[in-house]
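The analysis underlying the following values was restricted to heavy atoms, covering all of them including side chains, and did not include hydrogens, waters or symmetry mates.
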Amino acid sequence: MLRIEHLTKKYGDKTAVDNLSLHIQKGMIYGFIGHNGAGKTTTIKACCGILQFDEGDIYIDGDSIKSEPLICKSKIAYIPDNPYLYEFLSGINYLNFIADIFAVPQTEREERIKKYSDLLQLTDDLAQPISTYSHGMKQKLVIISALIHEPKLLIMDEPFVGLDPKATHQLKTLMRNICDNGGAIFFSTHVLEVAEKLCDEVAIIKNGKLVISGSMEEVKGNDSLEDVFLELEVD
Amino acid sequence: MLKALIKTRLLALFSSFFKGPKSKKKRNKVVTILIGLLALYIIASLLMAFFGLFYSICEPVCNSGYAWLYFSMASIVAIAFSLLISIFFTKAQLFDAQDNDLLLSMPIPPKYILFSRFFMLIVFNYIIELLILAPAGVVYLMYYPATVIGTIFFILVFLLLPLITQTLSCIFGWLLAIIETRVRNKTFISTGFSLIFLATYFYFSSKMNEYHQALINNVDTIGLKMKSILPIYHLGLAIAEKNTLSLLIFLLFAAIPFAIVYSILSYSFVTISTTKKGYRRIKYTHQPLKAGSAKSALLKKELRLFFSSTTYIMNASLGVIFTLAFAVALFIYGDLPNLIAQNMPQLAQYSNVLVIISICFLASTNIISAPSISLEGKRLWISQSLPIDGSDVLLAKVKMHLVICLPSVLIASLACIITMNLSLIQIFVVLILPTMIVIFSALLGVVVNMHFPKFDWVNETVPIKQSMSTVITMFTSMAVVLLPTVLYSAALAQTLTIELFMIIYTIVIIALCLLMYRYLKTKGSIIFASLG
């Protein structure tokens, strides 16, 4: 579903991501772990077509983000680490805007908005301006907007930050459902316990370079993911 | 601690005038120079205008034995002008400050925070009042000798005057903040108040000659009436007659209301700062949603952004209001070209064209599209991650400009056709040229903003009022209207008929618009994708 091949991104002299290659298959929740400034967000933004990169390529369901960005973007949804939204819109106006962009038919959009806003308990607040939302409410709105067109691939940067325990649980269930229905998820997190329980595969990145990747069992063996991560950080 | 707070406030005040937000990137020198020149031009224009005003009234008023009235009038102008400029700034600083939570979480006494804000507001008022009282003082000294006591009293009055302005601003800001907590559409309220203030300003500005003449003709009557406004009367008396008692009375009138307002605010500052701003909560119930195309969704989003911001409306689209006012004036005054011909006979043959050019000029002052890319700010990720072509995002910004500006221009063009005696070619020009100028400004704003974006703003005022994009767009659009006019009158009037020149000019503008449109369609996506 997502194939990152020899991705390199430089900011001036600094190489933020160095020759990174990853392969995320259908039905898989793929965790992306690394310290602050390791290159996770840069990689994620490059996968979403937000950030231009210097070398390599990224393929989404076989299409290159470089040469077919619109086709790629129509298959994915991106949830950023900081939900900066159009604060001048109400929640429902924002969702309708996203649905218009993805050309989601009226009946489907109404059904999905109802389903996900009820699930994440945001329905009552959808008429309010986004400017009145808390961080967690904005995060929930971004999640609903990401699911409105039923993306094949969900790319998320620290998706659990700001969510209450119930919403966190709902999101984890949603993630598993998406993958069970043939989708894929690529997400970064610092919450290693969540990654350990949720992810089918995991990659650890350090200073822009891939340190280790593979199935959760392969990466952590008999240790906890936290132990493995800390050990790799020391090295 | 207090010193550090005051220093931070003053730095914020001056950086908002002369610098953008903190950024690792050095500000382009050209924009600094352009903004500096613009600021100098505005300051010089204001100083000259007030100098002219006081020069014309000083001698007749003072010679009639009403020197105090001269200073009273100068102070009234200073208070009114300061109020006009600082009233919304005061509200933003005292009632809507974004950093109160952060400051209150630090070990800083709340009274220090409030004092530092008041200090900055009073310094701001000093700057504005200096623009009025300095010319007033200079004019007075041109006619009458300076005395030590008179100068000291003048300076003391200058130092005390902002207390009156600040008291009034605080009361208004407080009332406005209360109103805003009770209504849903805050933009409507604040834009409405801004327009009322603007209309009041233009009304009194347009009547200035009448008032000025009335003052000179009726000094005695006006002087008698002004005596009843005690603080203003004693203010004038203190300076003109070096009356210490009057200075003390003025001091009391300025200081006591200020002290009361400051004490009330000081007492309730923590409550004001920490109370969550109220809004009427509407519970959403699922209802049918209207589906539309991606392009119409983008346009609707741009329009919603525009109409949600008083700052955006008031700073980028005043030309719309002036164009509509111009159209109304055409209907009211009937044949405007005849008025031009009567007052300026040398321009009689160009009077129709001058009216058309005036509409073009008013249309060129709208800069709605110029900050539109910058206004994406930290939300740029949304447009960039969605499956939409970058050029569609950019063209939605152009369309927003057109939707807002074109109706007023078309109304003004129709007003020309109805009220003026135009030739067929002139009818063609008045229908096409102002519309093309609107399209030109809209396209230019987006093209310039593509190359000079500013995404690291905290307050939207920065991209709207203080960015390179808006400065370049504003000056270029205005120059595109004014320079050909100057060129024709200076060099081409003898070789080309005005009508032929207008047709050539229209064709050039159309060509420039096509070039910019093509540029947006071909390069827009690539440049938009690389932004941020």
Side-chain angles (χ1 to χ4, degrees), chain A residues 45 47-52 69-111 113-114 117-118 122-129 131-132 142 145-146 149 155 157, chain B residues 24 184-187 276-309 312 375-393 396 455 460 525-532:
Chain A
K45 283 186 172 176
C47 291
C48 300
I50 296 174
L51 203 63
Q52 319 264 294
L70 297 189
I71 293 173
C72 290
K73 286 176 186 178
S74 66
K75 295 175 191 171
I76 66 169
Y78 167 54
I79 297 177
D81 52 348
N82 274 307
Y84 291 110
L85 296 170
Y86 299 132
E87 306 239 330
F88 48 89
L89 296 180
S90 65
I92 189 67
N93 282 337
Y94 179 72
L95 294 176
N96 208 34
F97 166 75
I98 297 292
D100 277 345
I101 297 292
F102 282 96
V104 181
Q106 189 180 342
T107 320
E108 278 91 328
R109 79 174 64 178
E110 285 168 10
E111 280 171 10
I113 288 172
K114 181 170 173 18
S117 63
D118 286 350
L122 197 66
T123 307
D124 288 354
D125 297 294
L126 285 180
Q128 297 299 125
S131 57
T132 63
V142 178
S145 70
H149 67 288
I155 300 174
D157 197 356
Chain B
K24 285 176 185 171
R184 189 163 168 80
N185 196 338
K186 291 178 185 176
T187 312
K276 198 173 179 184
K277 299 287 182 283
Y279 56 88
R280 271 195 309 137
R281 194 170 181 276
I282 297 172
K283 190 176 172 184
Y284 179 73
T285 46
H286 290 291
Q287 48 196 270
L289 295 170
K290 204 175 167 187
S293 69
K295 286 180 183 175
S296 98
L298 287 169
L299 174 60
K300 272 193 256 176
K301 186 265 285 179
E302 294 296 337
L303 287 169
R304 283 202 168 106
L305 164 64
F306 177 79
F307 287 111
S308 72
S309 164
Y312 203 180
L375 281 168
E376 294 279 341
K378 289 174 182 165
R379 308 172 292 221
L380 185 66
W381 70 270
I382 301 175
S383 315
Q384 287 185 328
S385 66
L386 293 176
I388 34 174
D389 199 281
S391 63
D392 287 337
V393 177
F455 296 114
E460 65 183 8
S525 298
I526 301 162
I527 297 174
F528 186 74
S530 66
L531 293 175

Item checked: Heavy-atom side-chain contact between B:Y284 and A:T123 under 4.5 Å -> yes
Note to self: Could you tell me if the side chain of B:L380 sits less than 4.5 Å from the side chain of A:Y84, heavy atoms only?
What the structure shows: no
Note to self: Take a 6.0 Å sphere around NZ of B:K300 and say whether it holds more than 12 heavy atoms from other residues, nucleotides or ligands.
What the structure shows: yes
Check: What's the shortest heavy-atom distance between A:S74 and B:P387, and which atoms?
Finding: N-CB, 3.6 Å
Notebook entry, point to check: Just how far is it from atom CD of A:E87 to atom CG of B:L305, taken to the nearest 0.5 Å?
Noted result: 11.5 Å
Note to self: What's the separation between atom CH2 in B:W381 and atom CG in A:L85, rounded to the nearest 0.5 Å?
What the structure shows: 5.5 Å
Check: Of the backbone (N, CA, C, O) and the side chain (C-beta and beyond), which part of B:D389 lies under 4.5 Å from a heavy atom of chain A, both, or neither?
Finding: both
Next item on the list: Mind listing the closest non-hydrogen atom pair of A:I98 and B:I382 along with its distance?
Entry: CD1-CG2, 4.4 Å
Next item on the list: Would you indicate whether the side-chain heavy atoms of A:N82 and B:K378 approach each other to under 4.5 Å?
Entry: no
Check: Can you name the nearest heavy-atom pair linking A:Q106 to B:A291, along with the distance?
Finding: CB-CB, 4.4 Å
Item checked: Leading residue by heavy atom contact count with chain B [cutoff under 4.5 Å; candidates A:K114, A:Q52, A:R109] -> A:K114
Check: Which heavy atom of B:A297 sits nearest a heavy atom of A:I101, and at what distance?
Finding: CB-CD1, 4.4 Å
Check: Contact part of A:N96 toward chain B, heavy-atom cut-off under 4.5 Å: side chain, backbone, both or neither?
Finding: side chain
Margin query: At a 4.5 Å cut-off on heavy atoms, which part of A:I50 comes close to chain B: side chain, backbone, both, or neither?
Written below: both
Next item on the list: With the side chain counted from C-beta on, respond yes when B:L386 and A:Y78 share a heavy-atom pair under 4.5 Å apart, and no when they do not.
Entry: no
Margin query: To check you understand the geometry: which heavy-atom pair defines the closest contact between B:L289 and A:E110, and what is its length?
Written below: N-OE2, 2.6 Å
Next item on the list: Select, from B:K295, B:Q287, B:K301, B:K283, the one with the greatest count of heavy-atom pairs under 4.5 Å involving chain A.
Entry: B:K301
Next item on the list: For the residue pair B:R379 and A:Y86, establish whether any side-chain heavy-atom pair is separated by less than 4.5 Å.
Entry: yes
Item checked: Partner chain B: residue of A:C48, A:C72, A:P80, A:S145 with the largest heavy-atom pair count (under 4.5 Å) -> A:P80
Margin query: I'd like to check A:S117 versus B:H286 (side-chain heavy atoms, cut-off strictly below 4.5 Å). Are they in contact?
Written below: yes
Next item on the list: Tell me, out of B:S309, B:P288, B:S525, who's got the most heavy-atom pairs with chain A below 4.5 Å.
Entry: B:P288
Checklist line | Spacing of A:I76 atom CD1 and B:S385 atom OG [to the nearest 0.5 Å] | finding: 7.0 Å
Note to self: Quick check: closest heavy atoms across B:K290 and A:D100, and the distance to 0.1 Å?
What the structure shows: O-OD1, 4.2 Å
Next item on the list: Under 4.5 Å heavy-atom distance to chain A, tell me which part of B:S293 shows up: side chain, backbone, both or neither.
Entry: backbone
Next item on the list: Under 4.5 Å heavy-atom distance to chain B, tell me which part of A:L126 shows up: side chain, backbone, both or neither.
Entry: both
